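Remember, it's a predicted structure, so these values are computed and weren't measured experimentally.
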Amino acid sequence: MTNAEPPPRAGGREWAGLAVLAVATMMITFDMFVLLLALPDITADLQPSTVEQLWILDIYGFLVGGFLITMGTLGDRIGRRRLLMIGAASFAVASLLCAFAPTTELLIVGRALLGIAGSTLAPSTLALITNMFRDPKQMGVAIGIWAGGFTLGSILGPVVGGVMLAQFWWGAVFLLAVPVMVVLLVACPLLVPEFKNTEAGKLDLVSALLSVLAVIAFIFGLKEVARYGWQAGPILAGLAGIVLALVFVRRQLRLTEPFMDLRLFGNRSFSTMLVGLLLYALIGGSSMYYITQFLQSVSGMTPLTAAFCLLPGMVVATISATVSPMLGQRMRPAYLISGGIAGIVIPFAMFSQLDANSSPVVLIVGFAIMGLCEGPLLSLGTNLVVSSAPPEKAGSSSSMAQVANEAGGSLGVAVMGSVGAAVYVAQLDDTAPSGLSGDLLTTAQDNVASALTIAADLPGQLGEQLSSAAKSAFASGMNVFAVVCIVILIVAAVTIAALLRHVPPTGSEEAAPEGTGPEGTDPDAAAATEPGEAPAEEPRAHATEQPAPRPAN
């Protein structure tokens, strides 16, 4: 490999194609945020039941997470650009269905179709990037821009959605996706070359079904536990997901041409960063819940005002994700990533000292520090995951990175949300005013928003006492949550620094010290020399999968 030619560098066409792919990823988070703003208007118009409201919100995330593995593997087989375009067209059609849905049932169907279509976007775009940008330094920058697209969608969603809802009916927020997907359908064939694994076997439908059901059942169970507590139904759903996952793994180990090559987990960079992404998603998703609840319920802000308070942190996060790959060309990723994670300890130390009278500025500044420090993990970590796999398996490895984010987010709301909730319930039980009836106290213990609603209807001092007690109890729950997060962050930072310390800066030709494994070598070579893999030159032997500087369409 020492005499091998350097990989081709991307040119203007590839960078223009990257812009198209980044817009596609932006729409994934954009669609999530605009729905939260539109839900009150949807409720007033369609009058869904409480259960139907939950399905309108959740069905999208369930199906995005459930189909990620299948879509990533399918793209490797039929072509990543082809799958992306099928997904984009389906996303546009589903958006139209949602925008003009005359009933709740049709809106839920439309959201389900959006979820399936959305599951094609992230793994397809990320896998295409790894093929378009073969130079490691350029690939790192490209993945940073791709990761920034998610945060940009989070920024534009509340802002653009709020403006649209002030002028038009609720369906207009869904129509925003249609012209974006039309542009993608037109530009993709012109700017993005096609890639697929020509030697992949047939799609194993049984494995695909197992993966979909396992992820959906597991995420459904976690979300229901977070919402209703440790009840039998959600617990059984989560356990069913785990059992199906074990059956899926057993099947892959027995197949000669597995649906997912589990040998990827033998690569230290791949497995370590997947765990790192999952742990941070666990913290990140639940921290968003606590921060927004504090701003709205404790500080008394409207949802839109609270969303604007988060904008500085989201802007910083977008910049950080874009700049981090450039820093990764000069510093070892293990130290840059673990240093960033250590920096996230600072805002959680701030959150551990909050009380009911704390200024919302503390949360705004803390959230901005989180955005600044998370960039290396999200961009460089994702780069390590996808570059650890051979090119023909880029779709599969890309989907695993997204599954880690989905599962971590759901696990965070379920488990980390329960930590703060337990403290909230126990403290409110001790501090609630004595004149409050048992039924009202039980309702107030559901969450701080319910307590404040009850307090608003109580006479004078009794209502004020309940309001003060609920706010203090929530702040105490957030304090304990922050301390738990600090412990997780420290463990993650130390583990990543220790296990990946021999990985050189992005694009460096530095060799790994003897005995350290493949982490110090070229990413493709590292993946190919894992136990049971082909020699390092194997991935580059398939001419149809390695693009020239200007691949033909």
Do you know the tightest heavy-atom contact between [X] and [Y]?
X	Y	answer
Val64	Ser119	O-CB, 3.5 Å
Tyr424	Ala470	CE1-O, 3.5 Å
Phe220	Ala237	CD2-CB, 3.7 Å
Ala214	Leu244	CB-CB, 3.7 Å
Met273	Gly381	CE-CA, 3.5 Å
Ala444	Leu428	O-CD2, 3.7 Å

Looking at [atom1] of [X] and [atom2] of [Y], how far apart are the two atoms once the value is rounded to the nearest 0.5 Å?
X	Y	atom1	atom2	value
Thr103	Asp45	OG1	CG	11.0 Å
Ser287	Leu363	OG	CG	10.5 Å
Leu97	Ser90	CG	OG	12.0 Å
Met26	Thr318	CE	OG1	11.0 Å
Ile496	Leu336	CD1	CG	11.0 Å
Tyr280	Ile488	OH	CD1	12.5 Å

Q: Test Ile291 against Met478 for side-chain contact (heavy atoms from CB on, under 4.5 Å), laying out the working first.
A: CA-CA 9 Å; Ile291 291 171; Met478 189 168 180; 4.1 Å; yes
Q.
Determine whether Ile78 and Leu83 satisfy the following criterion, side-chain contact (heavy atoms from CB on, under 4.5 Å), listing intermediate values before the conclusion.
A. CA-CA 7 Å; Ile78 71 170; Leu83 181 64; 4.3 Å; yes
Is any side-chain heavy atom of [X] closer than 4.5 Å to a side-chain heavy atom of [Y]?
X	Y	answer
Thr120	Leu74	no
Thr292	Leu310	yes
Phe91	Leu184	no
Phe348	Ile283	yes
Thr70	Leu209	no
Leu114	Ser95	yes
Pro376	Ser338	no
Phe195	Thr130	no

Q: In sequence, state the C-alpha distance, the side-chain angles, and the governing distance for Val419 and Ser286, and then conclude on side-chain contact (heavy atoms from CB on, under 4.5 Å).
A: CA-CA 10 Å; Val419 170; Ser286 51; over 6 Å; no
Q) Are more than 12 heavy atoms from other residues, nucleotides or ligands located less than 6.0 Å from atom CZ of Arg82? A)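 Incorrect, the count does not exceed 12.
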State whether the side chain of [X] and the backbone N or O of [Y] hold a donor-acceptor pair below 3.5 Å, judged by distance alone.
X	Y	answer
Arg501	Ala498	yes
Ser211	Ala208	yes
Arg111	Ile56	yes
Glu194	Arg80	yes

Q) Between Tyr290 and Phe474, how do the two ring planes meet: parallel, tilted or perpendicular, split at 30° and 60°? A)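 Tilted: the ring planes of Tyr290 and Phe474 meet at 30° to 60°.
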Q) In a check of side-chain contact (heavy atoms from CB on, under 4.5 Å) between Leu500 and each of Thr272, Ile337, Thr495, which one passes? A)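 Between Leu500 and the candidates, side-chain contact (heavy atoms from CB on, under 4.5 Å) is satisfied uniquely by Thr272.
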(Q) Between Leu277 and Leu378, does the side-chain contact (heavy atoms from CB on, under 4.5 Å) criterion hold? Intermediate values first, please. (A) CA-CA 7 Å; Leu277 289 171; Leu378 299 182; 4.3 Å; yes
